[in-house]
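Single-structure report; data block below.
Just so we're on the same page: letters track the sequence lines, and every chain starts at 1.
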Number of protein chains: 2
Amino acid sequence: MLHEEVVGRVRAMLLDGEIPPGARIPERDLCEKLQISRTPLREALKVLAAEGLVQLLPNRGSRAARLTDKDMRDLFEVCQGLEALAGELACERITDAEIADVAAAHAAMVRHYGEHDLLQYYRCNRYIHEAIIAAAGNPVLSGLYELVTARIRRARYVTPMTPRRWALAVQEHEAILNALQRRDGVGLSHILRAHLRHKREEVLQAGFAETEPLEQARAS
Amino acid sequence: MLHEEVVGRVRAMLLDGEIPPGARIPERDLCEKLQISRTPLREALKVLAAEGLVQLLPNRGSRAARLTDKDMRDLFEVCQGLEALAGELACERITDAEIADVAAAHAAMVRHYGEHDLLQYYRCNRYIHEAIIAAAGNPVLSGLYELVTARIRRARYVTPMTPRRWALAVQEHEAILNALQRRDGVGLSHILRAHLRHKREEVLQAGFAETEPLEQARAS
DNA sequence: AAAATCCAATTTGAATGCAAAACTGGCTAT
DNA sequence: ATAGCCAGTTTTGCATTCAAATTGGATTTT
């Protein structure tokens with residue numbers, strides 16, 4: 001197994017909640033599960049710690065990072081900035097084919113909204129946001145976006161919405177697609193920021209932060 | 001030596017150019033120099049690779065990353081976005097004392113400009129930009145900023161300027177301080193973007209990218 | 001009985017050792 | 001003379017090993 005693969009596997013376990021936030025990560029157990037020795041696993045853990053997904057406690061091992069309310073606020077704030085930037089750049093650089101692709105995803109999303117299928121709705125939603133990032137044509141931006149969104153992914157794409165909030169989100173997405181089709185960078189940037197600001201409020205109100213001080217179960 | 005210290009030491013060697021861009025990094029040599037064994041060094045290299053400062057070639061070791069023109073452009077573009085965001089947030093959150101601190105650094109910078117002391121000028125310049133980031137009060141933002149600026153630091157704070165460019169930069173900094181003092185977030189955001197756009201043009205014109213395909217000398 | 005202390009057992013952090021892959025230089029064949 | 005190839009050496013990647021730190025619990029002390 002390649003280094004990047006190990007990092008990817010452990011990252012997936014963290015993002016999927018297979019290793020819950022705050023859980024200690026006993027190296028030996030994970031090694032056994034991944035069928036590798038401690039050396040490459042420890043390399044992966046240090047990388048994930050640099051990404052903010054793992055917290056290293058010197059001489060006391062590592063644990064899955066936990067997000068406070070402040071962390072969540074900060075991450076969303078930066079995410080707003082990154083998406084706003086991406087929106088502006090995307091309007092300058094996106095191709096007609098890519099716009100059509102986003103439009104299709106948008107239509108599918110609206111369909112899922114009509115069917116009250118939250119899971120599929122979120123899948124399309126995420127696809128659209130990521131397509132806008134990709135359309136900015138800036139790998140550095142994409143990389144940072146991935147770093148930031150990884151940490152708030154579960155809060156962002158799992159939190160249930162009130163009918164009122166959901167309707168508003170769909171409306172905002174109409175405006176997003178519209179701005180993109182008109183290649184209105186400034187407009188897209190603004191609507192994306194508002195959209196994410198609303199999402200942040202929603203997530204914070206839902207109390208999604210992972211601040212429980214109690215000891216979590218270890219990874220199964 | 002602690003893990004973070006190893007990462008820091010190697011990162012410093014990369015940023016200082018002690019290990020020049022493109023140079024191969026023989027693990028044994030670095031181990032000897034740092035007086036550590038290969039295991040912790042390799043952990044540090046993987047972290048630095050995740051940061052984009054080191055390039056890992058599977059089974060063929062690692063080398064100091066080299067920036068192409070495109071990389072430089074992308075990094076500056078993102079840096080613009082981050083500083084613009086920080087500027088807006090800073091105007092909402094900065095204290096009077098912090099503004100006074102920036103004003104003092106600005107005055108010192110102008111003095112160094114008058115003395116044609118580029119090195120000291122750049123030092124104050126960098127201090128100001130970092131103070132604005134810090135004033136945004138968002139550690140996630142600060143972290144990403146550090147990631148991005150580390151990679152363009154040498155291009156940004158070493159490139160010589162024409163008298164004309166230098167005068168313009170000072171003028172822009174007057175506007176930056178002014179917007180900050182008026183707590184004009186939108187204005188600060190705009191002037192910061194323009195300021196960095198100009199810097200980027202300058203750096204790219206100076207041909208600062210590290211694209212030489214020839215084999216570099218190894219770390220001394 | 002509660003608190004502090006000490007000791008065994010576990011776990012982490014780092015060095016070493018070993019197998020596999022890549023580079024070097026010299027040789028052969030065309 | 002040059003291109004291709006092969007053995008020897010070096011370097012990487014990972015498993016193992018060893019020392020140091022931590023944890024939990026039993027024992028002792030107040």
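- In this structure, A:R93 places its CZ atom where more than 12 heavy-atom neighbours from other residues, nucleotides or ligands lie under 6.0 Å away.
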Next item on the list: Between protein and nucleotides 12-17 of chain C, map the contacts as a letter string: B base, S sugar-phosphate only, - none, heavy atoms under 4.0 Å, written 5' to 3'.
Entry: BBSBBB

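- Axis angle across the helix from C:dA1-D:dT30 to C:dT30-D:dA1, with five pairs used at each end and values rounded to 10°: 0°.
- With sequence neighbours excluded, no residue forms a salt bridge (Lys or Arg N to Asp or Glu O under 4.0 Å) with B:E32.
- Annotation for B:V54 and B:S62: closest pair CG1-CB, 3.7 Å, computed over non-hydrogen atoms.
- One interatomic measurement links the two molecules: CG of A:L41 to C1' of D:dC14, which rounds to 13 Å at whole-angstrom precision.
- A donor-acceptor pair is defined here as one N or O able to donate and one able to accept, closer than 3.5 Å; such a pair exists between the side chain of A:K199 and the backbone of A:R156.
- Using the six-membered ring where Trp is involved, B:H129 and B:H195 have ring planes that are parallel, under 30° apart on the 30 and 60° scheme.
- Remark: A:E130 engages A:R126 in a salt bridge (Lys or Arg N to Asp or Glu O under 4.0 Å) (not counting sequence neighbours).
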Would you tabulate the pairs of protein nitrogen or oxygen atoms and nucleotide nitrogen or oxygen atoms of nucleotides 6-9 of chain D closer than 3.5 angstrom?
none

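- A:R60 is linked by a side-chain contact (heavy atoms from CB on, under 4.5 Å) to A:L57, counting only residues two or more places apart in sequence or in another chain.
- Salt-bridge annotation for A:K70 and A:D74: present, with a side-chain N of the basic residue lying under 4.0 Å from a carboxylate O of the acidic one.
- The aromatic rings of A:H173 and A:H106 lie parallel to each other, their planes meeting at an angle below 30°, with 60° marking the opposite boundary.
- For B:R28, the CZ atom is loosely surrounded, since the number of other residues' heavy atoms within 6.0 Å does not exceed 12.
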